[in-house]
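Notes to accompany the following structure.
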Amino acid sequence: MSNRSNNVAEQRLCRLLDENSFMEIGSLMTARSTDFNLSDTATPSDGVITGHGLIDGNLVFVYSQDASVLKGTIGEVHAKKIAAVYDRAMKMGAPVIGFLDCAGVRLQESVDALDALGMIYEKQVMASGVIPQICAVFGNCGGGLTVVPGLCDFVFMESDKAKMFVNSPNAIDGNRIEKCDTSSSSFQSQETGIIDMAGTEDEIYASIRALVTMLPSDNTENGYLEDCTDDLNRACQSMETMKGDARYILGEISDDHVFFETRREYGKNMVTGFIRLNGLTVGTVANSSERYDEEGKLVESFHTVLNAKGCDKAAEFIQFCDAFDIPVLSVTNVTGFCTCACSEKKLAKALSRLTYAFANATVPKVNLVVDKAYGSAAVMMNSKSVGADMVYAWPGAKMGTMDAKLAAGIMYADADADKLDEKAKEYDALQSSIETAARRGYVDLIIDPADTRKYLVAAFEMLFTKRMDTPYKKHGAK
């Protein structure tokens, strides 16, 4: 509870949290610096509201920057309050949620303000992999402050008024804000890979509440379970005809059809997010070649390839899941690698990150092959070779080095068309069919698409007590 019912920063917290659950801490703290007549300026709460509250009964710690106080700038006391939020959250094992609306470091405090910003960075790094970190950008977030959302696990951004930038659009060589607004929510969502969702304030509050209820409070919970009222054996409809749209597949198999997508506008041919299977939260990483709207109309198409954006997005998501003991489901439909020059600059490194993330994760890992699984791209997508515990496939799926016709064309380059067709059929039967992969043990079971939900529920229930010893090391080098 607090005394400022008309404060925007506090109103945001109250709109997020369960009714009457917000308890403010540090409301009497103010700036200590007196340079440049700062003592003549009122600095209530030093420009940041901090405390704790509940989301659907779950304890969370929160802070909200107050732009009405010195434009929300970060000073010594401001940062100490945020650091205290992290200290309490770490002790209690609860998520931290921050609302950013800040003009940067406080010039009147100079090196003290810079040290304060570094203090926040350090707390975030120490909390990484221990408690979930969520933030939302509601106003300005520029320069070094952009590292704060960059260090968070999940980031939201108000779509109209919020601005996020390392360098302002007009400070970038050859650019003007009228030409390309690099600080806008659309640019940040599509190009930087930081923003999970941009929308109105109410949409952001609803999304954060939904996310918190799907996440463990800290890294000791060993999975997050809630009661499931959905039929565990529910048949999944239209799965085979919609196999190109991973969002549809994931929504169909999840309890009550709930799928929470992360970084939805970035690397859109790789879909990441959370579902529930019999009450268990499962992280999902899926190739996607199509996107349909709610009316079933095709709105976007993508190539069935791995690109740099999608790989980086998936790798970070897998690492988050592994840190918090959240099982991982992959949905594979991939034929190779992106062939554009832009992606080529970063592709090899991004592919290595994806491979490392899947192979290094010790949580339960299940792979579902829905269509094509060709070449080394398929190996990287959570294959048995890099550590998948279970691999399922739909009838008619293909698994092999490449498309049979392409393979025949390489092996029989001088053959006529009839010969190539004959050899392609032979290669498909011997080397590319999912049955061949199953006979060699690379696929555990071929399942009917309509039965996907019940098999995945059973697989993750079986794997719930998985334990895995890894070589001793301080941490990986990738």
Side-chain angles (χ1 to χ4, degrees), residues 214 223-260 271-288 314 318 321 325-334 358 361-373 378-379 381-399 433-466 468:
M214 299 190 84
Y224 186 83
L225 290 167
E226 69 168 22
D227 293 336
C228 174
T229 57
D230 198 356
D231 183 0
L232 302 184
N233 297 313
R234 171 170 55 79
C236 301
Q237 305 300 325
S238 306
M239 293 282 274
E240 195 167 11
T241 59
M242 297 285 284
K243 60 187 176 184
D245 189 348
R247 296 163 184 82
Y248 176 85
I249 294 173
L250 296 171
E252 187 65 22
I253 63 177
S254 179
D255 295 352
D256 302 313
H257 303 277
V258 174
F259 170 52
F260 188 95
V271 177
T272 59
F274 298 104
I275 63 172
R276 284 200 183 98
L277 293 173
N278 194 18
L280 175 70
T281 295
V282 175
T284 58
V285 175
N287 306 125
S288 187
I318 296 162
C321 291
D325 278 333
I326 299 173
V328 173
L329 166 68
S330 58
V331 179
T332 300
N333 179 15
V334 66
F358 269 128
T362 60
V363 293
K365 295 176 288 188
V366 176
N367 186 22
L368 173 66
V369 180
V370 298
D371 195 1
K372 297 179 177 64
V379 175
M381 278 296 298
N382 196 27
S383 65
K384 276 287 186 74
S385 312
V386 296
D389 298 299
M390 296 290 292
V391 176
Y392 295 116
W394 288 353
K398 302 293 182 183
M399 182 178 287
S433 73
I434 204 66
E435 289 80 7
T436 298
R439 284 194 288 268
R440 285 172 165 79
Y442 302 125
V443 173
D444 292 296
L445 195 64
I446 300 172
I447 62 174
D448 188 280
D451 294 332
T452 301
R453 172 174 162 80
K454 73 176 183 181
Y455 277 105
L456 292 178
V457 167
F460 283 111
E461 284 188 348
M462 180 271 291
L463 292 166
F464 186 74
T465 55
K466 175 186 175 182
M468 183 176 171

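This structure is a prediction, so every number in the text was calculated from the model and none was measured.
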request  = Kindly say whether Val363 contributes a backbone atom to a donor-acceptor pair with the side chain of Asp325 at under 3.5 angstrom?
outcome  = no
task = Any chance you could measure Met390, atom CE, to Leu445, atom CG, to the nearest 0.5 Å?
result = 7.0 Å
ask   = Within a reach of under 6.0 Å around OH of Tyr442, are more than 12 heavy atoms found that belong to other residues, nucleotides or ligands?
value = no
Considering all heavy atoms, the nearest Ser254-Arg453 contact = C-NH1, 3.6 Å
query = Between CE of Met239 and CG of Leu368, what distance do you get to the nearest 0.5 Å?
reply = 7.0 Å
request  = Could you tell me whether a side-chain N or O of Thr284 sits under 3.5 Å from a main-chain N or O of Gly273, the two making a donor and an acceptor?
outcome  = yes
query = Hey, what do you get for CG (Leu277) to CG (Leu232), rounding to the nearest 0.5 Å?
reply = 9.5 Å
task = Kindly indicate whether the side chain of Asn333, heavy atoms from C-beta on, has any atom under 4.5 Å from the side chain of Val331.
result = no
request  = Of all the heavy-atom pairs spanning Ala378 and Ala373, show the shortest one and how long it is.
outcome  = CB-C, 3.4 Å
request  = Specify the closest pair of heavy atoms between Tyr248 and Met242, including all atoms of both residues, with the distance to one decimal.
outcome  = CD2-CB, 3.4 Å
task = Not counting sequence neighbours, list each pair that qualifies as a side chain to side chain donor-acceptor pair (under 3.5 Å) and has a residue in residues 234-243.
result = Asp230-Arg234
key: Which atom of Cys321 lies closest to which atom of Val328, heavy atoms considered   = CB-CG2, 3.8 Å
query = Quick one: are Leu456 and Ile253 in side-chain contact, heavy atoms under 4.5 Å?
reply = yes
remark   = Interatomic distance, CG@Asn367 vs OG1@Thr332, rounded to 0.5 Å, equals 3.5 Å
ask   = Between atom CG of Asp255 and atom OG1 of Thr229, what is the distance when rounded to the nearest 0.5 Å?
value = 7.5 Å
key: Main-chain N/O of Val379 paired to Ser385 side chain as donor or acceptor, under 3.5 Å   = no
task = State, to 0.1 Å, how close Arg247 and Ser288 come at their nearest heavy-atom pair, and which atoms those are.
result = NH1-OG, 3.4 Å
ask   = Taking only residues two or more places apart in sequence, or in another chain, which ones meet Ala438 in a side chain to side chain contact (heavy atoms under 4.5 Å, CB included)?
value = Val443, Ile446
request  = May I ask you to decide if Val258's main-chain N or O and Asp256's side chain share a donor-acceptor pair within less than 3.5 Å?
outcome  = no
request  = For Phe259 and Val271, run side-chain contact (heavy atoms from CB on, under 4.5 Å): C-alpha distance rounded to whole Å, both residues' side-chain angles, the deciding distance at 0.1 Å, then the answer.
outcome  = CA-CA 11 Å; Phe259 170 52; Val271 177; 3.6 Å; yes
message = Taking Asp444 first and then Lys384, would you say they form a salt bridge - that is, a charged N and a carboxylate O separated by under 4.0 Å?
response = yes
remark   = Heavy-atom closest pair (Val386 atom, Lys365 atom, distance to 0.1 Å) is O-NZ, 3.9 Å
request  = Could you tell me which residues satisfy side chain to side chain donor-acceptor pair (under 3.5 Å) with Thr452, sequence neighbours excluded, listed by chain and number?
outcome  = Trp394
ask   = Going from CZ on Phe464 to NZ on Lys466, what distance comes out if it is rounded to the nearest 0.5 angstrom?
value = 13.5 Å
inquiry  = Contact between Pro327 and Leu280 at the side-chain level, heavy atoms closer than 4.5 Å - yes or no?
reply    = yes
inquiry  = Quick check on Asp231: does its CG atom have over 12 non-hydrogen neighbours (other residues, nucleotides or ligands) under 6.0 Å away?
reply    = yes
query = Are any of the side-chain heavy atoms of Leu329 and Leu250 separated by less than 4.5 Å?
reply = yes
